[in-house]
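So that the names make sense, note that chain A is the first sequence line, chain B the second, and so on, each numbered from 1. Basis for what follows: all heavy atoms, side chains included, without hydrogens, waters or symmetry-related copies.
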Amino acid sequence: MVEISLPGMDKNYDPKLTEEAIYRMWETGGYFTPTIDPQKKPFTILLPLPNANDPMHMGHAMFTVQDILIRYHRMMGDPTLWLPGGDHAGIETQYVFEKKLAKEGKSRFQFDRDTLYNMIADYVEQNKNINRDQMKRLGFSMDWTRYRYSLDPNIVATVLDTFKTMYNDGLAYRDARLVNYCTKDGTGFSDLEVKYDERIDPLYYMKYGPFTIATVRPETKFRDTALAVNPKDKRYKKYIGQTLEIMGLLGPIQMTVIPDQEVDPKFGTGIMKVTPAHDPHDFELGKKFNLPVTPIIDQRGKMDFSWFLSQNNIEPKYKERAEKYHGKKVAEARALMVEDLKADGLLVKVDEQYTHRVGMCYRCGSVLEPLPIPQWYIKTKPLAKKAIEAVKKGKTKIFPKKRFEKMYFDWMNNILDWNISRQIVWGPRIPIWYCLDCNPDIALSFLNAEHVKMFGTYKDFASTHSFDEIKHGIQTLSAPLKATYALTDGACTTCGGTHILQETDTFDTWFLSSQWPITTLGFPDSKDFNYFYPTSVLDTMWDILFFWVARMMMMGLYRTGKVPFEVVHLHSRVVDAHGKKMAKSKGNVINPIDMVGKYGADALRFALMFGAAPGSDIAISEDKIRGMRNFANKLWNIGRFIHMNIDAAKAEIPFYDDTRLQTVIDANDKQIISELNTLAVSVTKNINHYRFSDAAQSLYEFTWHQFADVYLEKNKDRFKAGDAQALSVLRHVYIILLKLIHPFMPFVTESIWGTFPRKHADPLIISHWPTV
RNA sequence: GGGCGGUUAGCUCAGUUGGCUAGAGCGUUUCAUUGACAUUGAAAAGGUCAUAGGUUCGACUCCUAUACCGCCCACCA
């Protein structure tokens, strides 16, 4: 066996020997940083900012789509910017951090607000770079000099400014409607974040005056304020408008019967109890009929009977019951009440197998409690209107259009106001200040020196604590809806006092990220903003179309009057070899970094692009990645073959375009050149149309089965004989191929590129894209 | 409840406006054994394109219905 030795080219391509050095060469060479040239239209992509605290998963590896576009445009000569960033990911990060604390036997309640915030900040700081290094390992050609973190001071400043502008425009407001509240995590959520789960719960039929009603939530009935029936329901028509006295577990209550179209006469008994404080539908109904909102569950998910117990002359039996329920968790109290209903003969029957959908906390899985808590909202209708128009007019194009444009319009048309308040510490606080002297009823919770959680109103604490103590120890401030507030952090505009406290609600993370295109580029006036906004393409998976993309459209248009991006490209979801969603619980997760270590970044990137239609899932398996590793190796060995033959020819092989060879060309050469041109045209077209799979497949097919298997095999004798024309054509086709493949497989192509003679010393990354 | 997508070779999927013997990757079978690559080469097997109708000279491709799978949205107590 004769070993062929070529300098720098082993028999097999080993990504481990090249990738790191090549990436460093690109980065230190400054090729990721665009030169601003006012004569040229830039090409810009903002990376969908990953959670700074999370390692990469396969979904992030799909950002390869962006790198392909970026590398392609860079080679086209466009000033090209791919701007990376990291997200503080409010609730996600605080949740992960609390779990970490729990493992160490600690709880967030052992720390005051500032300390907890700083601990989380340190934790994120430690993890931030893992993510960045991993993206480098995939070869992503991002401009790291422009890396942004969502809590960078200038980013936050713009976000606060947006809030103030919206507030002054009447688009940001405070209201106490029913919010999806997780009593375990202690925060409210927006409607988008609610995860609905099918559950089987008992449906209780209970006697209710002259009626029987059905409910899954008997614990809320104490604060029912009305009964609703369908106005067309003959059975109950005569009761409409009447006020009835109904016997309950705590004695008789007064109840008015009201009409409501939406009551289904066929459901249960056709009568619905109305509980405005704990049911979204009832809340709206209550507004219509002016019913009081009377909560019976508190923010910790416990029954609150203080309204009852504070009454005079309560019958001892009822007092005993109320005391028994008071302070119990919802589920526990419900069980007790069902027992008491039985005892009183009020329970008619129980349907144990009632299935319904319940709103759950997407984070911790607890049942969400709709609670009437004041929150900050964004009025979305006027913003959505413009976002719809922009897409209709084609200012922003959504791809694949067929599937996702409809989703976009449906959501925008039915949009509800956006709750941006979160009751967590990890994030910027809403820039609103309350005067404690003007609002002595503001409820405060804070930590005293012994780390004991304390609740009370400002009035309660003012006599025993200094303002400074309150200000620094405060955990949360829950101002009643009627409390007055101001945008200023100076003196109170009403009383001139300085006992003012900032809102403790922090912004929904998505409120920050919805402004990413403007905050990262330096709105309202900076060189980058003026040059790069609007960006060219926004590429992401469809799961955050509403969370992020739609909201960026609204916010970008609101602040700048221009769309934030010209194209929205929704890439495939990565699934396992059997088309199933990857999940830790299923044990089918493939770690991208492991695959890079084993087969190289190029192999993984190519596998992710190969064989998926736009908008559909992409199945990934180790077998497939290995197959693509083999392709990289094939490409590498064609390079070795060419070197070997040129070296053996012992003559200078002219550049293809320097010679008259083109006019006296051999039929075989002519054919491969023609096929190459066809390929270059189709790859270019496919990239322009976001058909990355087609581009990848044609590159694979041409390289392996046309160029290597046919042309190269057929002309081996000519190469061996040192035929200068043949060798020139061979090398030319190969060099062009390296360029065409480079956006997909940047490492192997760049490393081979370096071994060939060329007119300019430039690396492949900034070579010129082939044009025909 | 409303809407969307899918159903093509053993597996995962392409098939862009209806038109040549329906393709790829992986897997399988047979042969080749080493001056580019065994991470290879040559060849092969394997599909009533979910089902039933319809439009058309012609349907994997268009229309209707059905079945199953997946996803999104929705306040049914």
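Distance CG (A:Asp694) to P (B:rG15): 7 Å, rounded to an integer number of Å. What separates CD1 of A:Ile620 from C1' of B:rC13 is a distance of 12 Å, to the nearest Å. With rounding to whole Å, A:Arg199 atom CZ is found 13 Å from B:rA77 atom P. When rounded to the nearest whole Å, the span between CZ of A:Phe546 and C1' of B:rC72 equals 7 Å. Rounded to a whole Å, the CD atom of A:Glu622 is 21 Å from the P atom of B:rC11. As a whole-Å value, the separation of A:Ile544 CD1 from B:rC72 P is 14 Å. When rounded to the nearest whole Å, the span between CH2 of A:Trp542 and C1' of B:rC72 equals 8 Å. Distance CG (A:Asn414) to C1' (B:rC75): 14 Å, rounded to an integer number of Å.
Between A:Tyr690 and B:rU16, a side-chain N or O to OP1/OP2 separation shorter than 4.0 Å is absent. Distances shown here put a side-chain N or O of A:Lys11 below 4.0 Å from the OP1 or OP2 atom of B:rA38. OP1 or OP2 of B:rG15 sits under 4.0 Å from a side-chain N or O of A:Arg691. For the OP1/OP2 pair of B:rA36 and a distance below 4.0 Å, the side-chain nitrogens and oxygens of A:Asn645 include no atom meeting the criterion.
Pairing for B:rU34 is absent, with no Watson-Crick or G-U wobble pair whose two atom distances lie under 3.5 Å. Pairing partner, B:rU28: B:rA44, with both Watson-Crick or wobble hydrogen-bond distances short of 3.5 Å. When both pairing distances are held under 3.5 Å, B:rA22 makes no Watson-Crick or G-U pair with any nucleotide shown. B:rG5: Watson-Crick or G-U partner is B:rC69, with both key distances under 3.5 Å. Using N1 to N3 plus N6-O4 or O6-N4 for Watson-Crick, or N1-O2 and O6-N3 for G-U wobble, each under 3.5 Å, B:rU64 pairs with B:rA52.
Within 4.0 Å of A:Val263, counting heavy atoms only, lies at least one base atom of the nucleic acid. Across all strands, A:Lys581 comes closer than 4.0 Å to no nucleic acid atom at all (heavy-atom distances). If you check every strand for non-hydrogen atoms under 4.0 Å, A:Lys716 touches a base. Among the atoms of the strands shown, base atoms are found under 4.0 Å from some heavy atom of A:Leu712. Residue contacts for A:Tyr354: at a heavy-atom cut-off of 4.0 Å it reaches the sugar-phosphate backbone alone, with no base atom in range. Note on A:His356: only backbone sugar-phosphate atoms sit closer than 4.0 angstrom, heavy atoms only; bases stay farther off. A:Thr275 comes within 4.0 angstrom of nothing in the nucleic acid, heavy atoms only. Using a 4.0 Å heavy-atom cutoff across all strands shown, A:Asp617 reaches no nucleic acid atom at all.
Taking the nucleotide of RNA chain B with the nearest heavy atom to each of A:Gly270 and A:Ala613, the more 5' of the two is matched to A:Ala613. For the pair A:Asp410 and A:Asp279, nearest-nucleotide mapping onto RNA chain B gives the more 5' position to A:Asp410.
As rounded to the nearest Å, B:rA44 and B:rU51 have C1' atoms that lie 32 Å from one another. Spacing between B:rC60 and B:rU16 at atom P, rounded to whole Å, works out to 13 Å. The C1' atoms of B:rC76 and B:rU64 are separated by 32 Å, rounded to the nearest whole Å. Atom name P, nucleotides B:rG70 and B:rC13: the rounded distance is 13 Å, in whole Å. Straight-line distance between the C1' atoms of B:rC31 and B:rG35: roughly 22 Å, to the nearest whole Å. Atom C1' of B:rU56 sits at a distance of 13 Å from the matching atom of B:rU61, rounded to the whole Å. Separation of the P atoms belonging to B:rA24 and B:rA43 is 13 Å when rounded to the nearest angstrom. Using P as the reference atom, B:rG18 and B:rC57 are 15 Å apart when rounded to the nearest Å.
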Produce the list of close N/O pairs, under 3.5 Å, pairing protein atoms with atoms of nucleotides 18-25 of chain B; give distances to one decimal.
{"residue": "B:rG25", "atom": "OP1", "partner": "A:His705", "partner atom": "NE2", "Å": "3.4"}

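Ring geometry for A:Phe211 versus A:Tyr239: interplanar angle over 60°, hence perpendicular rather than tilted (30 to 60°). Under the 30°/60° scheme for interplanar angles, the aromatic rings of A:Tyr362 and A:Phe189 are found to stand perpendicular. Ring geometry, A:Tyr13 versus A:Trp636: the interplanar angle falls from 30° to 60°, so the pair is classed tilted.
A:Glu701 and A:Ser698 are not linked by any side-chain donor-acceptor pair at a separation below 3.5 angstrom, with hydrogens and angles left out of the test. A:Thr212 and A:Lys349 share no donor-acceptor pair across their side chains, judged by distance under 3.5 Å alone. Donor-acceptor pairing under 3.5 Å is recorded for the side chains of A:Asp669 and A:Tyr711. Side chains of A:Asn688 and A:Tyr72: a donor-acceptor N/O pair is present below 3.5 angstrom, by distance only. A:His281 and A:Asp260 form a side-chain donor-acceptor contact under 3.5 Å, judged by distance and modelled atom types alone. A:Asp224 and A:Thr275 share a side-chain donor-acceptor pair at under 3.5 Å.
Using a 4.0 Å cut-off on heavy atoms, none of the residues of residues 230-237 of chain A approach RNA chain B.
Residue A:Thr220 comes nearest to A:Ile296 through the heavy atom pair CA-CG2, 4.2 Å, listed as atom of the first residue, atom of the second, then distance.
Under a cut-off of 6.0 angstrom, the local environment of NZ in A:Lys584 is sparse, with at most 12 non-hydrogen atoms contributed by other residues, nucleotides or ligands.
Checked for salt-bridge contact, A:Lys720 and A:Asp717 miss the test: no charged N lies under 4.0 Å from a carboxylate O.
Among the nucleotides B:rA77, B:rG41, B:rA74, the one closest to the side chain of A:Trp704 is B:rG41. Proximity note for A:Ala619 (side chain, C-beta onward) versus B:rU12, B:rC37, B:rC13: the nearest is B:rU12. Among the nucleotides B:rC37, B:rG41, B:rU16, the one closest to the side chain of A:Asp709 is B:rG41. Minimum atom distance to the side chain of A:Met272 is reached by B:rA77, of the listed B:rG27, B:rA36, B:rA77. The side chain of A:Glu262 lies closest to B:rC75 when the candidates are B:rU16, B:rG3, B:rC75. Ranking B:rC72, B:rC4, B:rC37 by closeness to the A:Met407 side chain, first place goes to B:rC72.
A donor N or O paired with an acceptor N or O is found under 3.5 Å between the base of B:rA36 and the side-chain atoms of A:Glu713.
Residues passing the salt bridge (Lys or Arg N to Asp or Glu O under 4.0 Å) test with A:Arg235, sequence neighbours excluded: A:Asp233.
Without hydrogens or angle criteria, A:Arg551 side chain to A:Trp510 main chain gives no donor-acceptor distance under 3.5 Å.
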